[in-house]
Amino acid sequence: MKNSTITLVLFLGAIIISGMIAMQSYWVISTWNINEEEFNKKVRYALHNAATSLVELNGASLPPRNVIKQRTSNYYVVNIEAEIDANFLAYFLQKEFEALALNVDFEYAVFDCTTDEMVYGNYYSYSDKKKEDAKSGSLPKYEEFTYYFGVKFPNRSGFLLGKMQLAILLTAVLVITFIFFSYVVWVIFRQKRLSEMQKDFINNMTHEFKTPISTIKISADVFSNHPTVKQDERLSKYATIIQEQNQRLNRQVEKVLQLAKVERQNFELKKEVVSLSAILQGVVDSVSLRIEKLGGKLDYQLPSSSLAILADRLHLTNILHNLVDNAVKYCKGQPSVSLTTNTHNQQIELCVKDEGIGIAKEHQNRIFDKFYRVPTGNIHNVKGFGLGLFYVKSICDAHGWRIKLKSEPHSGTSISISIPLADGANPKTN
């Protein structure tokens with residue numbers, strides 16, 4: 001995976017996760033505030049009704065204002081300016097709270113003017129297990145009132161959280177998502193580091209192969225040119241095999257090195273105006289003898305004009321050799337390959353076609369993927385790494401050329417490349 005792609009994925013992922021966290025935080029806070037406001041309103045309403053019922057027993061009335069004071073988030077004092085019967089107070093409180101579905105633990109106390117202390121009343125719990133330390137024994141006094149009682153809700157926060165179960169569940173899901181995203185980021189960077197180590201190892205190993213390959217080539221040439229070897233048919237055959245296999249190994253090493261440069265995107269196309277006809281003629285001269293040795297045929301239709309195009313000569317030659325090599329490798333029996341060109345609307349379509357085994361439709365979308373080879377079970381008649389067509393596609397993309405594949409099983413394959421002509425330029429034919 002490219003560094004730019006990883007950066008884009010992480011950037012978009014971070015934005016999405018940040019947005020989700022912001023939205024979830026806003027929702028949780030808003031839900032808490034709404035529940036808190038609703039709780040306060042219900043408590044005030046219930047306390048006001050309980051105080052009204054309490055003073056009506058004495059034929060009195062509540063003060064016109066400052067009846068209820070909220071001292072803390074869970075502690076309220078109620079001013080009634082009349083004597084309070086603690087037994088009736090407990091009854092009215094329970095009645096009003098239950099009427100509003102405020103099934104939350106509470107404790108109350110009544111202020112005694114004689115002793116100037118809060119006389120603790122009782123602790124009422126709606127849960128099966130009453131906390132041992134829930135009874136505080138005293139509630140804070142409020143100096144501004146004379147006849148009043150206080151009510152405290154020790155489990156107010158727990159009650160509000162209990163009404164936010166959905167929000168808490170979704171928050172937990174978001175936290176798990178964030179942890180998973182962080183783990184995925186760690187895995188991506190770890191895999192990227194391992195992949196780079198693997199690539200560096202392959203590149204270093206491939207470079208190390210160059211020296212022994214060159215040495216073998218020189219030695220094989222000297223060996224094959226020796227008079228004794230030339231006179232001995234068996235030794236001459238072995239010398240030819242060494243040279244051919246050395247050339248094959250060298251081509252594979254060069255292919256790996258070229259692909260390494262393509263993957264790292266540190267290669268530069270040396271574009272120049274070249275003659276496509278001259279390059280095609282060189283490819284035909286190179287591969288025709290090989291195809292003839294296999295008993296096959298190469299049909300080619302070279303353009304009459306030079307057909308000037310803007311391209312990297314080396315890479316263009318390489319991809320043409322790769323396409324023809326594939327056409328030969330995947331033939332049925334004796335290879336039959338055609339190489340044609342067609343010019344239309346300042347575009348030249350270069351087509352390499354064979355009559356080989358073909359490619360099933362379900363594999364055609366992945367045929368240009370790196371390392372991909374069409375599954376053949378345990379039969380591997382054709383050797384390779386699955387790098388040739390990946391290299392062809394990469395070079396075409398780098399040039400901005402369009403590449404198309406058409407294939408039918410048992411009917412052959414054709415690969416065409418659309419290349420724009422370079423108008424008004426004199427091609428280099430050397």
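Ion pair Arg156/Glu36 flagged as a salt bridge, since at least one NZ, NE, NH1 or NH2 atom sits closer than 4.0 Å to an Asp/Glu carboxylate oxygen. By the 4.0 Å N-to-carboxylate-O rule, Glu408 lies too far from Lys361 to be salt-bridged with it. A salt bridge is absent between Lys329 and Asp325; no separation between the charged side-chain nitrogens and carboxylate oxygens falls under 4.0 Å. Under the 4.0 Å criterion applied to side-chain N and carboxylate O atoms, Lys69 and Glu144 are not assigned as salt-bridge partners. A salt bridge is absent between Glu117 and Lys141: the closest approach of a Lys/Arg side-chain nitrogen to an acidic carboxylate oxygen does not fall below 4.0 angstrom.
When each of Tyr148, Phe149, Tyr142 is checked for a ring pair (Phe, Tyr, Trp, His ring centres under 6.0 Å) with Phe111, only Tyr148 meets the rule.
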>> If you apply the rule side-chain contact (heavy atoms from CB on, under 4.5 Å), what do you find for Ile68 with Val77, and how did you get there?
In response: CA-CA 6 Å; Ile68 302 173; Val77 291; over 6 Å; no
> Taking it one step at a time, do Leu93 and Leu47 satisfy side-chain contact (heavy atoms from CB on, under 4.5 Å)?
Replying inline: CA-CA 7 Å; Leu93 288 175; Leu47 292 177; 3.7 Å; yes
>> I'd like to know whether Glu349 forms a salt bridge (charged side-chain N to carboxylate O under 4.0 Å, His left out) with Lys404, so could you lay out the CA-CA distance, the side-chain angles of the two residues, the decisive distance to 0.1 Å, and finally the verdict.
In response: CA-CA 10 Å; Glu349 186 176 59; Lys404 294 185 296 182; 3.7 Å; yes
> Please walk me through it: do Asp369 and Phe390 pass side-chain contact (heavy atoms from CB on, under 4.5 Å)?
Replying inline: CA-CA 6 Å; Asp369 292 351; Phe390 171 74; over 6 Å; no
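Side-chain atoms of His399 come within 3.5 Å of backbone N or O of Ile395 as a donor-acceptor pair. Remark: the backbone N or O of Thr413 is paired with a side-chain donor or acceptor of Asp354 at under 3.5 angstrom.
The number of heavy atoms from other shown groups lying within 6.0 Å of NZ (Lys217) does not exceed 12. Counting heavy atoms of neighbouring residues, nucleotides and ligands inside a 6.0 Å radius, atom OH of Tyr300 does not exceed 12 of them.
For Glu143, the side chain to side chain donor-acceptor pair (under 3.5 Å) criterion is met by no residue, not counting sequence neighbours. Applying the ring pair (Phe, Tyr, Trp, His ring centres under 6.0 Å) criterion to Phe97, with sequence neighbours excluded, gives Phe106, Phe153. For Glu355, the side chain to side chain donor-acceptor pair (under 3.5 Å) test picks out no residue, with sequence neighbours left out. For Lys353, there are no side chain to side chain donor-acceptor pair (under 3.5 Å) partners at least two apart in sequence or on another chain.
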Just distance, no hydrogens or angles: give the donor-acceptor pairs under 3.5 Å from side chains in residues 182-191, sequence neighbours left out.
from: Ser182; atom 1: OG; to: Phe178; atom 2: O; distance (Å): 2.9

Hey, can you pull the donor-acceptor pairs under 3.5 Å for the side chains in residues 9-31, sequence neighbours left out?
from: Ser18; atom 1: OG; to: Ala14; atom 2: O; distance (Å): 2.7
from: Gln24; atom 1: NE2; to: Ala167; atom 2: O; distance (Å): 3.2
from: Gln24; atom 1: NE2; to: Thr171; atom 2: OG1; distance (Å): 2.8
from: Ser25; atom 1: OG; to: Ile21; atom 2: O; distance (Å): 2.7
from: Trp27; atom 1: NE1; to: Thr31; atom 2: OG1; distance (Å): 3.4
from: Ser30; atom 1: OG; to: Tyr26; atom 2: O; distance (Å): 2.8
from: Thr31; atom 1: OG1; to: Trp27; atom 2: O; distance (Å): 2.7

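Residues Leu102 and Phe39 have side chains in contact (heavy-atom distance under 4.5 Å, counting atoms from C-beta outward).
Between the side chains of Asn33 and Glu37, no donor-acceptor pair is found at a separation under 3.5 Å. Counted by atom type alone, Tyr120 and Glu107 present one or more donor-acceptor pairs between their side chains at under 3.5 Å. For the 3.5 Å distance criterion, the side chains of Gln243 and Ser224 qualify, holding a donor opposite an acceptor.
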